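Worksheet for the structure shown next.
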Amino acid sequence: MCLFIPAIIRGLSLPVSFSLHSELLPTLITYLEAIREALAKALNDDPRVYIYGQDVGFFGGAFKATKGLSQRFPGRVIDSPISEDAMVGSAIGASIQGMRPIIEMQFADFSTVGFNQIVNQAATMFWRTGVACPITIRLPCGGTSGSGPFHSQSLEGIYSQYPGLVVLTPATVEDAYSMLLAAVECDDPVIFCEHKYLYYHLKADGLPNEALPIGKARITRAGRDATVVTYSAMLHECLAAAEELAGEGWEIEVIDLRSVKPLDTDTVLASVARTGRVLAVGEAWPWGGVTAEVLARIASEGFNLLDAPPMRLNAKDTPVPFHPNLWGTHRPTAKTIADALRSLLRL
Amino acid sequence: MCLFIPAIIRGLSLPVSFSLHSELLPTLITYLEAIREALAKALNDDPRVYIYGQDVGFFGGAFKATKGLSQRFPGRVIDSPISEDAMVGSAIGASIQGMRPIIEMQFADFSTVGFNQIVNQAATMFWRTGVACPITIRLPCGGTSGSGPFHSQSLEGIYSQYPGLVVLTPATVEDAYSMLLAAVECDDPVIFCEHKYLYYHLKADGLPNEALPIGKARITRAGRDATVVTYSAMLHECLAAAEELAGEGWEIEVIDLRSVKPLDTDTVLASVARTGRVLAVGEAWPWGGVTAEVLARIASEGFNLLDAPPMRLNAKDTPVPFHPNLWGTHRPTAKTIADALRSLLRL
Amino acid sequence: MLPTTPVPHPTSKASDFSETFRRAYRWMLLARLAEEKMASLYRAGKITGGVFLGKGQEAISVATGIALRDGDVFAPLIRDQAGRLAFGESLLDFTLTYMGARSGPMRGRDGNVHRGRPREGMLPMISHLGAMVSVVNGILMANRFQGRLGSVGAASLGEGATSTGAFHEALNQAAVEKLPLILVITNNQYSYSTPNSRQFACADLVDKAAGYGVSGHTVDGTDLADCLKLIGNAVECARAGGGPQLVIATSLRLVGHGEHDDSHYVSAHLREMPLGRDCLTVAESRILSESWADKVTLDSWHRDSLHQIEEAVAYSTREAAPDPAQEDWCAYSSRQLSEG
Amino acid sequence: MLPTTPVPHPTSKASDFSETFRRAYRWMLLARLAEEKMASLYRAGKITGGVFLGKGQEAISVATGIALRDGDVFAPLIRDQAGRLAFGESLLDFTLTYMGARSGPMRGRDGNVHRGRPREGMLPMISHLGAMVSVVNGILMANRFQGRLGSVGAASLGEGATSTGAFHEALNQAAVEKLPLILVITNNQYSYSTPNSRQFACADLVDKAAGYGVSGHTVDGTDLADCLKLIGNAVECARAGGGPQLVIATSLRLVGHGEHDDSHYVSAHLREMPLGRDCLTVAESRILSESWADKVTLDSWHRDSLHQIEEAVAYSTREAAPDPAQEDWCAYSSRQLSEG
Ligand SMILES: Cc1ncc(C[n+]2csc(CCOP(=O)(O)OP(=O)(O)O)c2C)c(N)n1
Ligand SMILES: Cc1ncc(C[n+]2csc(CCOP(=O)(O)OP(=O)(O)O)c2C)c(N)n1
Ligand SMILES: [Mg+2]
Ligand SMILES: [Mg+2]
């Protein structure tokens, strides 16, 4: 698999200009602000881009990802009716007519209502007709405390099963920015899984001038005793677990997949070749999904690299619970990841 | 995991009576007829059962699975509007009010339109409220020649990701019958994946009096050199491949999962313990899904049983093609399975 | 004192209108005050998750809840505290769910407005708008199968939810099956921040009724008397076999979409219009002007309500939170099928 | 001889009605005969997959196709062979797709009625009913963004598809955005085997228009002259900024749902009614009675059509089937992102 470096990023020889929003930018920039900056830049640089979704206009979206954009880009940040099917369908039409629509789902969970258009119309368009369908669908994903079964879902493993879709899961402020720009520039339909927990919690010093291409994983922390493969908000739990184990003398390598479809098998296998042990961690449900795919690839393509059985850790096989006590136990945390790593290292 | 033997089957001390349809029954019974018999028996034995779907009434359904049933069971086999969302939603309501609805999707592919009700309403009902949601959703699944991207899909791997759903994939005439009865009797929502290719092609001498419970896999063919784990129509391709390899002196064990959620890890691991080699075969797309889950479980729970890397074989990562030439290459066949087995045996 | 357990429905249908009005008003008042309590707990950081209030919609909501009786089914939405109480929901279900108590109907698994008791005809909404209507249809179909005639089902939606495919499929399904469904759409002018001009283009939402072949009704959602009469009639029509009834009630959302939202986008013009009236105040004036109760009585109702709310909140606060170690992590009724 | 390549649209809009009628009739005739050819190939076992015909609906279909011009977009459904031809689809696209030829627009990847050329405004339907309407909306939104004014989009549906959520969301979306969409619903009395009584409960489907705030029109789908006039007007309205136009055409499906279906369930009574007339025969009678052409000319058109069809089929039969070894198994336009 060769790699995709979007021109929109490649072109950035000068430092990224934040003039659009500079007066709003604090010293530290959050994951959510990075998304807003990327949206502003995409709208600014490419007249084909528009944003469509519930309350994205004057109001700036349920999470304020589009705050101020409708004022800056009149007519290009548009409130939709509560019609996820039609939202996606219209984006498909606009995209084959030369536009670059960005659809905001109010929560990832509501994308199930637009599911048919995503998986049957957008995903198949290029293969059936040879005409590309460059749409970006932003899904505010993942659990936050008190959000319950219908505002917490992680659907990357569902969408990744469908040929034709690209599924991105940025875990850092920098990636939220550069990968969203790459998504908009990508000629294929991209499911952009933003993690809501990171929106306000995660901050960085600034935005990147360079970016890894779509489809390339990153070794976020180097180590030699075991590899943890993860993505999205779980990256930070895994890093905390690695830090905890560092205190016990273990060096854990942590891989951030960044993109789950395509999935960077090479980087994963190269790491497992070094460590011999691997744990895949995801926030989604246990059956199938990213961690199953990671383990299946490692087992079939990297079997001889393994010194111990590969392990995985996922959420429990129930809907995502509302109460913080339950929620905190439902998904993997630094603590349960550290425990799993200790078992793995003992194997 | 303990096992579920439906009373509707358990109760069968006398030979199954086909009086309902006996005049129609040929000596050999097809997979489709087995489904029809199960529907008739469920309607006959349980007043809570009704069938709802497009054209299922007087017409008897697109595949004739319900032929004659609306006449025999007046008012209980009901034509629905083209409204998959409302079809499923109403079944959920009826089920919590004490009914046992059976929903027929005209093709599995159209269930994406009722997706939200299935995965968010039916699947979560019991966990959220403690009230069971016993609905059966029949999905005519899988590829047949000339059916193309929207009448060929295998969606078991999508639905299995959702907690709360039971996903069944019968591969034989007998299982089509007994598992459908078990599905109707199950207190949880069941996604019943019938394979369209088997509807007319597969025949048996009669219907079973006994059945394996839901959640139990079957060793369809015993062997000692390698294990093939599969389900649904692929079972027959795998059996043909095993037969071919038998001619070359290899004894291949073939496991029919029958149920993909829950998935009978014990039977799979016990077989791998005997053979040391395993190939998982599915008709669905390569990313995630049943074969990934099977490999992940074997790798993490049965690593030390393996003498060679576990392998998997799936359809190609494109929509299902229309033309027979392409379709025949898109999915695994006896030939490509046999080739994969030969590689596996050489590893 | 108003009960925190289900209110008994009047045995005689011909009960005096002023009596119904007073009962309805007391549920509205209780709902309003209970919600204000939740809002203040929210502001104090004592609530996990969102808080969604029905301020300005209590009249239409209570009229729906009060018109239903035992054996009927109700699918409330996020602004239906008044209707829930009138239908028989205990105030404790409200407080226990918001507080995520293990003893609440959702046992901490789901929160706030999602509570319900399906066995008692109170459906637990999922968030996806429009999705509950076909569930009500299914219950009504089951009633028909089971020979349980004369029961009806009511579902609430906001005008924004009329844009969903789920709403459309379900209303059409009810029409084809001629089900006794009362679908109450509260047009409160906004769907979150989205004004009606961005949500639909018909002159009046009631114009949709003819396109489904169902009866359509409109009512001033700020006027309790009108709401009681109109919903009462619609429910009777449905009960009598008249098929689905589409009710459009006009009002204005007098709070934010949720308590996190200051609703700065709501037009001042709308606030000044009659639809911007507070239905609770309107009802109160009516009671006083008709001398259906005097100020002293109103004050005592107010105190009684506050008392009940305090009790329910105090009780709920003392209830144990769910314990993850004790939690039954099983999404299957057939537990043997769980891989958990 | 009729071209098998896109027919040039008349340069003058004020072209003589009889001329338009004749052109439309010839497309209908070509479509009918081409479909009959497919049906006979199907019966001979020469077609993989299903064959779906538009018999009885050519008038409304051709009227839609002929009213569109360059830059417009058309989302045909399964019974739109006539409209496709009139809009500019080559007969070869039809035969090559049915035969799965590698050189056809779908390259064997998709079949029969799913063909299209998005770049040329001809949308390739997916099977899921109702799903194409919002795609047309999106194209019209793009036109607006790009300043391409005066173009319209037409989408076809059967009456059965009005029960889908997708239809509803899309029509509402078009209404809110005031898009130049012409949504043509052919009410052919059945959705597969399902009669209208099980599909909807409104008195007339056109009653839906008011509920969306769009213009509604009805037309006798068996009468080509009426169809041409009505659709022509609706398209002009949309072009002039009048927003979405909902057209309901009444007819009867004169064939099975597909060629595998003998349609025994179609009521004899309906067949006897005026809506059971064959629009092709009706159009032919009109031509003769108005002396817009004589029998000899009609016969020559018939022969010409058959000749074109034979040519197209013969050509397509000789075309290579897709070769799986040569096939590009890549679902991604950005090929580097394919894991295939
Ligand atoms: C299918 C779906 N899409 C989006 C949402 C997010 N959402 C929750 S409430 C709401 C606004 C609802 O507006 P309306 O129906 O008018 O009800 P109101 O809040 O005004 O009472 C939205 C968009 C949702 N719940 N479901
Ligand atoms: C969402 C969806 N559900 C089911 C089907 C299966 N299906 C294909 S055609 C058809 C009947 C369509 O009837 P109608 O819309 O009246 O069109 P007609 O065939 O009469 O032209 C059905 C149910 C489908 N294509 N899409
Ligand atoms: Mg509203
Ligand atoms: Mg029809």
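What you see is a predicted model; the values in this text were computed from it and never measured. Below, each value reflects all heavy atoms present in this structure, side chains not excepted, and no hydrogens, waters or symmetry copies. Chain identifiers are assigned alphabetically (A, B, ...) following the order of the sequence lines, protein sequences preceding nucleic acid strands; residue numbering begins at 1 within each chain.
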task = Identify which part of Ala62(A) has an atom lying under 4.5 Å from any heavy atom of chain C, answering side chain, backbone, both or neither.
result = both
query = With only heavy atoms counted, which part of Tyr98(C) is less than 4.5 Å from chain A, the side chain, the backbone, both or neither?
reply = backbone
message = Given heavy-atom pairs under 4.5 angstrom as the criterion, report whether the side chain, backbone, both or neither of Leu129(C) touches chain A.
response = side chain
task = Please say whether more than 12 non-hydrogen atoms of neighbouring residues, nucleotides or ligands are located less than 6.0 Å from NZ in Lys37(C).
result = no
message = Need one label for Glu327(C): side chain, backbone, both or neither, based on atoms under 4.5 Å from any heavy atom in chain A.
response = side chain
Sidechain-backbone polar pair: Ser83(A) side chain, Ser163(C) backbone, donor-acceptor under 3.5 Å = yes
query = Hey, does Asp317(A) have a side-chain heavy atom less than 4.5 Å from the side chain of Tyr332(C)?
reply = yes
query = After noting the C-alpha distance and the side-chain angles of Gln106(A) and Tyr192(C), does the key distance pass the side chain to side chain contact (heavy atoms under 4.5 Å, CB included) rule?
reply = CA-CA 11 Å; Gln106(A) 204 151 76; Tyr192(C) 210 150; 3.9 Å; yes
request  = Start with the C-alpha gap between Phe58(A) and Tyr265(C), add the side-chain angles, then the distance that decides, and say whether ring pair (Phe, Tyr, Trp, His ring centres under 6.0 Å) holds.
outcome  = CA-CA 8 Å; Phe58(A) 174 73; Tyr265(C) 46 79; 7.6 Å; no
message = Show the nearest heavy-atom pair for residues Thr48(C) and Gly146(A), with the distance to one decimal.
response = CG2-CA, 3.5 Å
request  = Apply side chain to side chain contact (heavy atoms under 4.5 Å, CB included) to Trp329(C) and Leu326(A), showing your working.
outcome  = CA-CA 10 Å; Trp329(C) 294 103; Leu326(A) 300 180; 4.0 Å; yes
task = Write down the atom of Asp110(C), the atom of Pro149(A), and the distance for their closest heavy-atom approach.
result = OD1-CD, 3.3 Å
request  = Kindly give the heavy-atom pair with the smallest separation between Cys330(C) and Thr318(A), and that separation in Å.
outcome  = N-CG2, 3.9 Å
query = Are there more than 12 heavy atoms of other residues, nucleotides or ligands under 6.0 Å from atom NZ of Lys64(A)?
reply = yes
query = Counting distance only, does the side-chain N/O of His128(C) pair as donor-acceptor with the main-chain N or O of Asp109(A) below 3.5 Å?
reply = yes
task = Answer with side chain, backbone, both or neither: which region of Arg107(C) has an atom nearer than 4.5 Å to a non-hydrogen atom of chain A?
result = backbone
query = Side chain, backbone, both or neither: which part of Ala161(C) has an atom under 4.5 Å from a heavy atom of chain A?
reply = backbone
key: Interface moiety of Met106(C) toward chain A, non-hydrogen atoms closer than 4.5 Å   = neither
query = Ser263(C) versus chain A, heavy atoms under 4.5 Å apart: side chain, backbone, both or neither?
reply = neither
inquiry  = I'd like to know whether the aromatic ring centres of His114(C) and Phe322(A) sit less than 6.0 Å apart in this structure.
reply    = no
Heavy-atom closest pair, residues Ser193(C) and Asp55(A) = OG-OD1, 2.7 Å
message = Can you confirm whether Arg271(C) is buried at CZ, in the sense that more than 12 heavy atoms of other residues, nucleotides or ligands lie under 6.0 Å from that atom?
response = yes
message = Are Glu339(C) and Pro286(A) packed together at the side-chain level, in the sense that at least one heavy-atom pair is separated by less than 4.5 angstrom?
response = no
query = Is it the backbone or the side chain of Thr112(A) that comes under 4.5 Å from a heavy atom of chain C, or both, or neither?
reply = side chain
remark   = So, the part of His264(C) with a heavy atom under 4.5 Å from chain A: the answer is side chain
inquiry  = At a 4.5 Å cut-off on heavy atoms, which part of His330(A) comes close to chain C: side chain, backbone, both, or neither?
reply    = both
message = Heavy-atom pairs under 4.5 Å with chain A - which of Gly100(C), Ala331(C), Pro322(C) has more of them than the others?
response = Pro322(C)
ask   = Do side-chain atoms of Asn325(A) reach the backbone of Asp323(C) as a donor and acceptor pair under 3.5 angstrom?
value = no
task = Locate the shortest heavy-atom distance separating Pro81(A) from Gln199(C); write the atom from each residue and the value.
result = CA-OE1, 3.2 Å
message = Using heavy-atom distances under 4.5 Å, tell me whether Trp287(A) contacts chain C through its side chain, its backbone, both, or neither.
response = side chain
